[in-house]
Protein chains: 2
Amino acid sequence: MHNSQVPAETWSIAELAAEYDVTLRTIRFYEDRGLLTPERRGTTRVYHPRDRVRLALVLRGKRLGFSLDEIAKIVDMYDAEPGEEGQLVYLLDQITHRRTELEQRRRDIEETLQDLAQVETRCRTDLEALRNGQT
Amino acid sequence: MHNSQVPAETWSIAELAAEYDVTLRTIRFYEDRGLLTPERRGTTRVYHPRDRVRLALVLRGKRLGFSLDEIAKIVDMYDAEPGEEGQLVYLLDQITHRRTELEQRRRDIEETLQDLAQVETRCRTDLEALRNGQT
DNA sequence: TTCATGCTTGACGCTTACGTAAACGTAAAG
DNA sequence: CTTTACGTTTACGTAAGCGTCAAGCATGAA
């Protein structure tokens, strides 16, 4: 049955912090908020691949402007147990909701990028005029 | 010379608040932060099209997770005066910077949408299994 | 005149998301 | 054995982004 000889890598809090460029405080704070649940070896935190993935998801969520509470809900969807029908229906509902939000944000981004392109064009025009106008 | 007979519409603070579904407090706060600069008729605020546009931009920026400080910089780029060369170059720099950020966010969104699609698939599979398994 | 509406300016309160010590434990290195 | 590195908890501080009174002015209708 080839019982997976993957080393099951782990990380210290400092390693994770360095990798994702956040402070220890931040990582501990996320644990406080239930976003991470590292193993304890004595009192020391040991992070498994699962935590690492979740941290990455949290940070991505942050870049998207979600609050930690919202992120918690989203991230928890990722490894939700099969569960009962009600749960699944609720999950599908959540997914629809989040998707709607994300698509709105995507539209916002497209619009902003177009606006920026306009400003840039104007900018370059002005710059041209300036450089032609005065020797 | 057809000197534009556009009514040059204006709005009260309550009208703007209703239109964009924010509170008066929020609008005044944005003014405090220099994002809006309504005319004063007596002590009362009168909002012109420019303010209305800027409010929309601010809210869009918020949806994208920018801080009000960042939003201020972005929005101010939109109606920057031609100015001197240094200014223009700085502006172009800013544009590049913001564009990079936005593109990162767009990637984040794409990834998240794909993740959600996976979760949804799994969800529907589980739901199917459940409905087949027990009568 | 009185009342309701809508506006104004403070000013304190609250939540989020951490920053920043303080004070302590542990384990390897010099 | 002491230093150094790395970890821990507890707890107060803070900046952003408003919410929420309180108290007051102006104006038109009843």
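Convention: sequence-line order gives letters A, B, ...; per-chain numbering from 1.
Under the 4.0 Å criterion applied to side-chain N and carboxylate O atoms, Asp32(B) and Arg25(B) are not assigned as salt-bridge partners. The existence of a salt bridge linking Glu9(A) and Arg52(A) is excluded, since no basic side-chain nitrogen approaches an acidic carboxylate oxygen closer than 4.0 Å. Checked for salt-bridge contact, Asp76(A) and Arg54(A) meet the test: a charged N lies under 4.0 Å from a carboxylate O. Under 4.0 Å is where a charged nitrogen must lie from a carboxylate oxygen, and between Arg33(B) and Glu70(B) no such pair does. Comment: Glu101(A) engages Arg98(A) in a salt bridge, judged by a side-chain N to carboxylate O separation of less than 4.0 angstrom.
The nearest whole Å value for the distance from the CZ atom in Arg41(B) to the P atom in dT27(D) is 14 Å. Between the CD atom of Glu31(A) and the P atom of dA17(C) there is a distance of 17 Å, given to the nearest Å. Spacing between atom CG of Leu36(B) and atom P of dC18(D) amounts to 12 Å, rounded to whole angstrom units. The nearest whole Å value for the distance from the CZ atom in Arg33(A) to the C1' atom in dT15(C) is 10 Å.
Between Tyr47(A) and Thr10(A), the closest side-chain pair of non-hydrogen atoms is not below 4.5 Å.
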Counting primed atoms, P, OP1 and OP2 as sugar-phosphate and everything else as base, the B/S/- map of nucleotides 6-12 of chain D against protein heavy atoms under 4.0 Å is -SBB-B-
Short heteroatom pairs, N/O only, protein and nucleotides 21-29 of chain C, under 3.5 Å:
none

Walk me through it: do Asp79(A) and Arg50(A) pass the test salt bridge (Lys or Arg N to Asp or Glu O under 4.0 Å)?
-> CA-CA 10 Å; Asp79(A) 42 35; Arg50(A) 176 176 183 275; 3.6 Å; yes
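Listed by residue number, the members of residues 50-74 of chain B with any heavy atom below 4.0 angstrom from DNA chain D are Lys62(B), Ser67(B), Leu68(B).
For Arg60(A), the salt bridge (charged side-chain N to carboxylate O under 4.0 Å, His left out) criterion is met by Glu111(B), Asp115(B), not counting sequence neighbours. Under the rule for a side chain to side chain donor-acceptor pair (under 3.5 Å), the partners of Arg124(A) that lie at least two apart in sequence or sit in another chain are Glu120(A). Scored by the salt bridge (charged side-chain N to carboxylate O under 4.0 Å, His left out) test, Glu103(A) finds no partners at all (sequence neighbours excluded).
Within the 4.0 Å cut-off from OP1 or OP2 of dC18(D), at least one side-chain nitrogen or oxygen of Tyr30(B) is found.
Neither Leu92(B) nor Tyr90(B) shares a network with the other; the hydrophobic side chains, linked directly or stepwise wherever heavy atoms of I, L, V, M, F, W or Y lie under 4.5 Å apart, form separate groups for each.
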